[in-house]
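So the structure is just underneath, and the comments pick up after that.
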Amino acid sequence: MNTQKKVVEIIAEQAMLEPADVKLEHTLQDLGIDSMALVESIFAIEECFDISVPFNANEPGESDFDISSVAAIVAAVDRLKAEQGK
Amino acid sequence: MRRVVITGAGTINPLGENVPATFEAMREGRCGIGPLEIADVDRLAIQIGGQIRGYDEALHFNRQQIALYDRFTQFTLLAAREAIAQSGLSFSGALADQSGVVLGTSGGGLTTQDENYRAVYEAGKNRVHPFIVPKLMNNAAASHVSMEWNLRGPSFTVATACASSNHAMGQAFNMVRCGMAKVMVTGGSEAMLCFGGIKAWEGLRVMSKDACRPFSATRNGMVQGEGAGVFVFEEYEHAAARGADILCEVVGFAMSSDAADIVMPSKQGAARAIGGALKDAGLAGDSVGYINAHGTGTAANDKTECAAVADVFGAHADQLMISSTKSMHGHLIGGTGAVELLACIMALRDGVVAPTIGYEVPDPECALDVVPNVARDAKVDVALSNAFAFGGLNAVLALRAI
């Protein structure tokens, strides 16, 4: 499965944008993704890739899952897929 | 307008199976949170909670009662038994008709639902016990209290998530105050520590895996608890005439709606409820010595709550004490305000302020006196109890020593 394509689709859906309008360098803030949309995005990523994402909304910076940009999320998902053998 | 006093208190919660045991645990800053002992805990990411350990329903209820009493109803009845016994009241004739019960719960008979969904979906059974509906309904506890003690006046259940108990007690207060009832049995209960109850909360990603540390910079979320708190609210003249032991007076109540966001709290909404309770009580802000905080231990609640308190009290915010006993018993959701009212009564009556345990590192956004880790002796004349629910529904009670 193409991680980048799927992650972009998930984020685009939450941001109510076309996937083509989501750039890898975008931050979630750029895309208008608030804390609830973020939690929903993570749920969608877990379901889509059959992985478990370590994320606590109380300390997003402390979670071992980089959400600083779309590219960072794609990389983090690839790492989790590899770690979790998916 | 009549004055309203509390003449009985009862509880069962992770800190103790009655009020004296709970007060002792709060004085000692004991933690009632630990590893959950429930079915399928290995499939949960969150494996801790404020569970009532060693609880055996068969020690308290017979087989027929257990068939009708969900865990949340059982907790309610045990707490009501203690509260009504302490009040010394018995209900018959006109007093029975003028006395009712209003209780808060969020999940109601969630354990019954969980068990029976398992039976039909997981085990593939095509038949459930005949009393599942009367066992799981949210008003089951209120109805069983009314039946057990012959309370024949206004009775109902309030469900406003984490503010349910405070909304219930606010109703009870105003019903006695306006003369609609002489005595109201009130408070709340929750028994949500079952697989489905925790799994749903897990999904929100706001739960801590290790501890509830309200106001600490190291806080990382809330921890669920279970239990009940029940009180006897009585018209002052009625209580005084029979020489009742009065625990404290209920002097004010206010509620507000954020009308903003389904989960994120609002400083303005909280401040309007806190300020509203003071106004309703006719009290100046500087009379308040203690606030039992909503203090969930989430990043969002604690800083918003502290900002609201700072707004309402101004310079006096630095003089008052504010603690979150959720650090010890966890978040009892619809029952939480009731158990937390006990901390207010302890402060007013015994002069002991319950601590916020698990406090590690100060957070500049929560720079109030949170009574860190150790209980404190202090004379408190007025105490507030805050509850701010998901859905933006806020309810604050004001109590005064008598």
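All values derive from a computational prediction rather than experimental measurement. Proteins come first, then strands; the chains are lettered A, B, ... in the order of their sequence lines, and each starts at number 1.
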### Message
I need the minimum non-hydrogen distance between A:M36 and B:V263, along with the two atoms involved.
### Response
SD-CG2, 3.4 Å
Who passes side-chain contact (heavy atoms from CB on, under 4.5 Å) against [X], sequence neighbours left out?
{"X": "A:E25", "answer": "A:K23"}
{"X": "B:E365", "answer": "B:K303, B:D363"}
{"X": "B:T105", "answer": "B:F72, B:N138, B:T157, B:E190"}

### Message
Using heavy-atom distances under 4.5 Å, tell me whether A:S52 contacts chain B through its side chain, its backbone, both, or neither.
### Response
neither
### Query
Atom OG1 in B:T218, atom CG in A:N58: separation rounded to 0.5 Å?
11.5 Å
### Query
Are A:E59 and B:R213 ion-paired here, with the side-chain N under 4.0 Å from a carboxylate O?
no
Counting only heavy atoms not in [X], do more than 12 fall under 6.0 Å of its [atom1]?
{"X": "B:Q113", "atom1": "CD", "answer": "yes"}
{"X": "B:F390", "atom1": "CZ", "answer": "yes"}
{"X": "B:K209", "atom1": "NZ", "answer": "no"}

### Task
Tell me, for B:L204 versus chain A, whether the close heavy atoms (under 4.5 Å) come from the side chain, the backbone, both or neither.
backbone
### Message
Using heavy-atom distances under 4.5 Å, tell me whether B:M264 contacts chain A through its side chain, its backbone, both, or neither.
### Response
side chain
### Query
Mind checking which of residues 63-86 of chain A sit less than 4.5 Å from chain B, heavy atom to heavy atom?
none
### Residue, of A:I42, A:V39, A:D34, A:N56, that accumulates the most heavy atom pairs under 4.5 Å with chain B
A:N56
